[in-house]
Amino acid sequence: MDLLIDFAISLARNVVLGIMMGSVYALAAMGLALLFGVANLINFAHGEYVMLAMYMAYFFSVTLVIDPVVSSIINIPLFFLIGLVTYFLFFKRVINAPPLSQIAVTVGVVVLLRNIALVIWQAEPKAPPFTIFSASYEMGPITIPLDKLFATIISITSLILLYLFLERSKFGTAMRAAADDVDAVSMMGIDTGRLFLLTLGISMMLVGLSGSLIMMYQAVTPTSGLLFGLLSWAIVALAGLGSIRGIYLAAVIFGLADALASGMWDPRGREIILYGLFILILWLKPRGLWGRR
Amino acid sequence: MKVLEVRDITKKFGALVALNSINLNVDEGETVGIIGPNGAGKTTLFNIITGFLKPDKGTVWIFGRNVNSWRPHKIASLGVSRCFQIVKPFPSLTVWETVVVGSYLKSRDASEAHEAALEALKLVGITDLKDRLSRELNIPQLKLVELARSIATRPKILLIDEIAAGLTPTEVDKMVKKLKEIKERLGLTLLVVEHVMKFVMGLSERIIVLHYGEKIAEGSPESISKDPRVIEAYLGTKWAEMREWS
Amino acid sequence: MRFWQLASFGGFLLLLPLILGLNDYYIFLTTLILLYTVIVMAWYFIGGLAGQLDLGAGAYHGLGAVVTGYLMIYYNVSGWIGLVLGGLAAMGVAFIVGFPSFRFGLKEVWYALASLGLVLILQKIFLLWTDVAGPLERYIPFREFDPLYMRARAKWFYYYITLGLLLITFYLAHRAKRGKLGLYLVSIRDEEEAAEMLGIDTRRYKLVALLTYSFITAVTGGIYASMVGFYHPILFDGWIGIQTATIAIVGGLGHFWGPPLTSVILLSIAEYLRINLGGTIPGLHQVIFGAILITAILFKPAGIGPYLESLIEKVRKR
């Protein structure tokens with residue numbers, strides 16, 4: 001009987017943790033989905049940008065003695081800029097190229113970013129030394145760390161803001177239209193080059209924010225990019241392109257899978273579950289659950 | 001002898017009924033034309049016969065065998081080949097290699113395949129294009145390459161989808177002559193989808209008219225061109241062209 | 001003329017260990033470069049001919065290493081048999097993953113990601129499967145020189161095994177390129193529906209390409225394990241597949257000799273950089289390597305092989 005109660009408590013804890021983790025993953029995945037859906041750009045290096053954002057969060061929290069969550073205030077505009085620089089360095093030449101060229105160039109970016117991280121921060125995992133939200137909130141037997149709760153709230157708020165931007169603003173409408181038919185958008189007299197640039201910028205801002213928030217959960221190494229890249233693609237595959245709500249739900253599903261696998265089985269086995277799930281989705285639901293295309 | 005039978009085929013795409021219980025029988029050696037305005041379901045019918053699409057209802061019989069669950073390559077080895085409406089060339093292969101890909105289907109070794117390929121090139125009359133890369137060719141040339149590679153599989157039934165589009169009237173005449181010759185030589189059964197009336201009327205022995213997924217008429221070219229339902233279906237779209245050419 | 005060219009090139013490869021002064025370290029590095037070049041050449045089947053952007057080389061490489069090493073350590077089975085069994089095991093896994101992938105029409109980025117996922121799944125499975133691998137290295141018994149067991153202290157032994165494998169792979173790839181298999185695979189890569197309509201069982205032929213590639217890649221893993229004397233789940237390395245695909249793209253996708261040539265050149269540069277920079281600033285050599293890769297892809301998108309071919313053409317016409 002006690003065993004059953006222990007199990008139930010552990011399950012409940014991990015479910016809560018999974019939902020919170022998923023909320024943060026949703027930001028990274030949303031950045032990928034925007035770029036892939038609107039600009040039709042396959043960014044294989046997406047995870048490496050997330051990794052870089054995690055390192056920047058670590059860097060700011062150490063040098064400026066601020067909380068990693070607060071570091072997002074710097075990370076968001078910084079990654080907007082990094083997005084612009086990257087665009088002119090690498091992406092501009094392949095924006096209308098066949099998928100293979102895009103994959104090739106962005107795989108090159110993977111090599112570059114991963115090893116720049118290795119040069120600067122070495123291979124040992126880095127984690128921020130402290131957080132100002134060290135307290136936690138007790139809900140019966142379940143403890144909710146405040147820093148993670150706070151990350152979840154920021155994440156959901158940002159997604160709502162993004163939703164409002166896409167629904168209400170002129171550029172947002174154009175972005176949604178471009179996701180359906182780029183030619184129609186350029187016929188409407190909208191500069192698609194600028195539109196893609198803005199999309200990349202927003203995608204990178206989401207990356208910058210998600211990097212800061214993921215630091216609430218785990219340390220970063222130069223190979224973290226692989227995990228968050230694959231995870232983002234997996235979430236996009238499950239959701240399908242087309243809706244923020246779909247991405248959020250898919251991210252929560254993966255967050256739950258992650259938390260349950262790590263917490264109730266073996267932390268080293270989480271990738272078996274996550275990537276196994278990913279491959280199964282690709283086989284069985286190639287358009288995702290809520291995808292329009 | 002009946003070589004192809006389409007029995008009560010229905011295909012829907014969402015709410016759109018692309019084909020509505022279509023029946024069609026084709027005898028050995030026949031040339032059957034399928035006409036109808038855009039969106040009538042002609043290409044969908046071809047996709048179902050060749051196994052690229054599965055019908056919602058009904059069955060396709062080829063040489064007395066139910067091929068509903070068969071994949072295209074198996075239907076092809078049964079002796080069905082097809083030229084696509086929108087050409088599907090192999091850009092990195094030469095014309096010669098493209099045709100050899102087809103001729104391997106019924107050949108035991110490379111030399112036999114090469115012989116068959118050469119023969120197919122001669123029949124279609126594009127031996128001079130042999131060493132050109134497919135990506136260097138224009139659309140009418142690519143259509144001929146498709147014809148050659150289809151013939152190279154030594155089919156018994158050949159489905160041709162809009163091969164005459166974009167040709168001048170004299171070229172259409174030549175194409176009709178060429179196809180008749182090929183058909184004669186190989187003993188083919190032909191199924192032809194075409195917009196160019198002059199082409200279908202000149203080639204077909206029997207014509208089926210599709211209109212929004214329904215078969216609205218069937219008969220000889222002469223009777224079809226006088227059928228009031230056909231004229232009505234085509235009014236405003238193809239009527240003028242038909243008057244001009246028939 | 002052509003005979004003498006080939007003969008002198010072959011002689012050079014045969015005598016290379018002597019040229020390197022029988023220096024074990026240099027022979028080891030050369031063997032590594034050849035080993036990865038074998039993978040690039042094997043990738044020609046699945047990537048170059050069949051056009052599937054497979055990033056799963058690490059999965060098959062790792063399987064070959066684990067199977068060969070495990071059999072050598074615990075059953076005293078000769079490495080030669082281990083290579084074959086490892087290859088068969090890799091083919092088995094490739095089939096289990098490849099069949100549904102082709103059945104459900106996985107393409108482009110999704111195929112690439114699925115194959116990369118496979119590497120990491122296997123890595124973690126073997127990390128948790130402590131009966132076979134686990135977090136510690138498993139050492140293969142030392143033998144001074146035992147060709148039957150496929151284990152030797154001197155690295156030239158592995159050099160010749162790798163050279164043999166490279167030649168076999170070259171031969172197989174060349175035969176495929178010239179014959180029906182290559183023609184079928186290219187037609188599938190170029191236009192799958194048209195290939196199907198010409199009677200080609202596209203799923204079957206893609207599987208043939210995948211299985212060939214997985215077998216050869218697994219053999220490289222077995223050789224690697226025996227050469228370094230241990231195996232570990234880290235050999236299921238996603239990086240190998242990424243490196244292979246990038247080199248093949250830089251060399252010219254679908255080109256026959258461009259990718260292996262590029263592989264030898266780029267990997268030599270990488271090793272040179274690693275030896276000279278790796279000690280001072282770890283990772284810096286890889287940054288330079290990455291920069292070279294990106295520059296090559298951005299400025300010669302068709303690849304080095306086709307570019308050299310057009311250069312040779314120009315020189316000949318003069």
Asks: More than 12 foreign heavy atoms under 6.0 Å from CH2 of A/W265: is that the case here?
Replies: yes
Asks: So which part of A/R93 gets closer than 4.5 Å to some heavy atom of chain C, the side chain, the backbone, both or neither?
Replies: side chain
Asks: Tell me, yes or no, whether the heavy-atom count around A/K92 atom NZ, taken from other residues, nucleotides or ligands under 6.0 Å, exceeds 12.
Replies: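 No, because the 6.0 Å sphere around NZ of A/K92 holds 12 heavy atoms or fewer from other groups.
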Asks: Is it the backbone or the side chain of A/I272 that comes under 4.5 Å from a heavy atom of chain C, or both, or neither?
Replies: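 It is both, since atoms from each part get that close.
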Asks: Report which part of C/L298 has an atom under 4.5 Å of a heavy atom belonging to chain A: side chain, backbone, both, or neither.
Replies: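 C/L298 touches chain A through backbone and side-chain heavy atoms alike.
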Asks: For residues A/W283 and C/F104, report the shortest heavy-atom separation together with the two atoms involved.
Replies: O-CG, 3.1 Å
Asks: At what distance, to the nearest 0.5 angstrom, does CG of C/L116 lie from CG of A/L226?
Replies: 5.0 Å
Asks: So which of C/G105, C/A291, C/G117, C/A112 has the largest heavy-atom pair count under 4.5 angstrom toward chain A?
Replies: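 The candidate making the most pairs under 4.5 Å is C/G117.
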Asks: Is it the side chain or the backbone of C/I249 that comes within 4.5 Å of chain A heavy atoms, both, or neither?
Replies: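 It is the side chain, since no backbone atom gets that close.
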Asks: Sort A/F90 into side chain, backbone, both or neither according to what part of it lies under 4.5 angstrom from a heavy atom of chain C.
Replies: both
Asks: Under 4.5 Å heavy-atom distance to chain A, tell me which part of C/P100 shows up: side chain, backbone, both or neither.
Replies: both
Asks: Top residue by heavy-atom pair count (under 4.5 Å) with chain A, among C/S101, C/G51, C/P301, C/G238?
Replies: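 Option with the greatest count: C/S101.
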Asks: Side chain, backbone, both or neither: which part of C/V97 has a non-hydrogen atom closer than 4.5 Å to chain A?
Replies: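 Both parts, backbone and side chain.
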Asks: Out of A/L230, A/L284, A/I273, return the one with the most heavy atom pairs under 4.5 angstrom to chain C.
Replies: A/L230
Asks: Identify which part of C/L253 has an atom lying under 4.5 Å from any heavy atom of chain A, answering side chain, backbone, both or neither.
Replies: side chain
Asks: Measure across C/V287 and A/L112 and return the closest heavy-atom pair with its distance rounded to 0.1 Å.
Replies: O-CD1, 3.3 Å
Asks: Under a 4.5 Å heavy-atom cut-off, does chain C meet the side chain of A/I116, its backbone, both or neither?
Replies: both
Asks: Under 6.0 Å from the CZ atom of C/F230, do we count more than 12 heavy atoms belonging to anything else shown?
Replies: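 Yes, the 6.0 Å shell around CZ holds more than 12 heavy atoms from other groups.
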Asks: Name the region of A/L113, side chain, backbone, both or neither, that has any atom closer than 4.5 Å to a heavy atom of chain C.
Replies: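 It is neither, since no heavy atom gets under 4.5 Å.
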Asks: Quick one: closest heavy-atom pair of A/E271 and C/I121, and the distance?
Replies: O-CG1, 4.2 Å
Asks: Taking side chain as everything from C-beta outward and backbone as N, CA, C, O, which of these in C/I125 sits under 4.5 Å from a heavy atom of chain A? Side chain, backbone, both or neither.
Replies: both
Asks: Which atom names give the shortest non-hydrogen contact between A/V109 and C/I294, and what distance separates them?
Replies: N-CD1, 3.6 Å
Asks: Minimum heavy-atom separation for A/V111 and C/G290, please, with both atom names.
Replies: CG1-CA, 3.5 Å
Asks: Measure distances from C/F102 to the heavy atoms of chain A and classify the residue's part below 4.5 Å as side chain, backbone, both or neither.
Replies: neither
Asks: I need the residue from C/E108, C/K124, C/Q123 with the largest number of non-hydrogen atom pairs under 4.5 Å to chain A.
Replies: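 The option with the most such pairs is C/K124.
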Asks: Using a 4.5 angstrom heavy-atom cutoff, name the option from C/I288, C/T246, C/L122, C/L120 with the most pairs to chain A.
Replies: C/L120
Asks: CG of A/L282 to CG of C/L113: how many Å apart, nearest 0.5 Å?
Replies: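 One gets 7.5 Å once the value is rounded to the nearest 0.5 Å.
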Asks: Could you report the tightest heavy-atom contact between C/L118 and A/I279, atom names first, then the distance?
Replies: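 Looking at all heavy atoms of both residues, the closest pair is N-CD1, 4.1 Å.
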Asks: Checking A/R270 against chain C: side chain, backbone, both or neither under 4.5 Å from a heavy atom?
Replies: neither
Asks: Calculate, to the nearest 0.5 Å, the distance between atoms CG and CG belonging to A/D266 and C/L128 respectively.
Replies: 5.0 Å
Asks: By a 4.5 Å heavy-atom criterion (distance strictly below it), what part of A/A117 contacts chain C: side chain, backbone, both, or neither?
Replies: neither
Asks: Given the options C/I297, C/T295, C/L55, which has more heavy-atom pairs under 4.5 Å with chain A than any of the others?
Replies: C/I297
Asks: So, do A/N115 and C/F289 sit near enough that their side-chain heavy atoms are less than 4.5 Å apart?
Replies: no
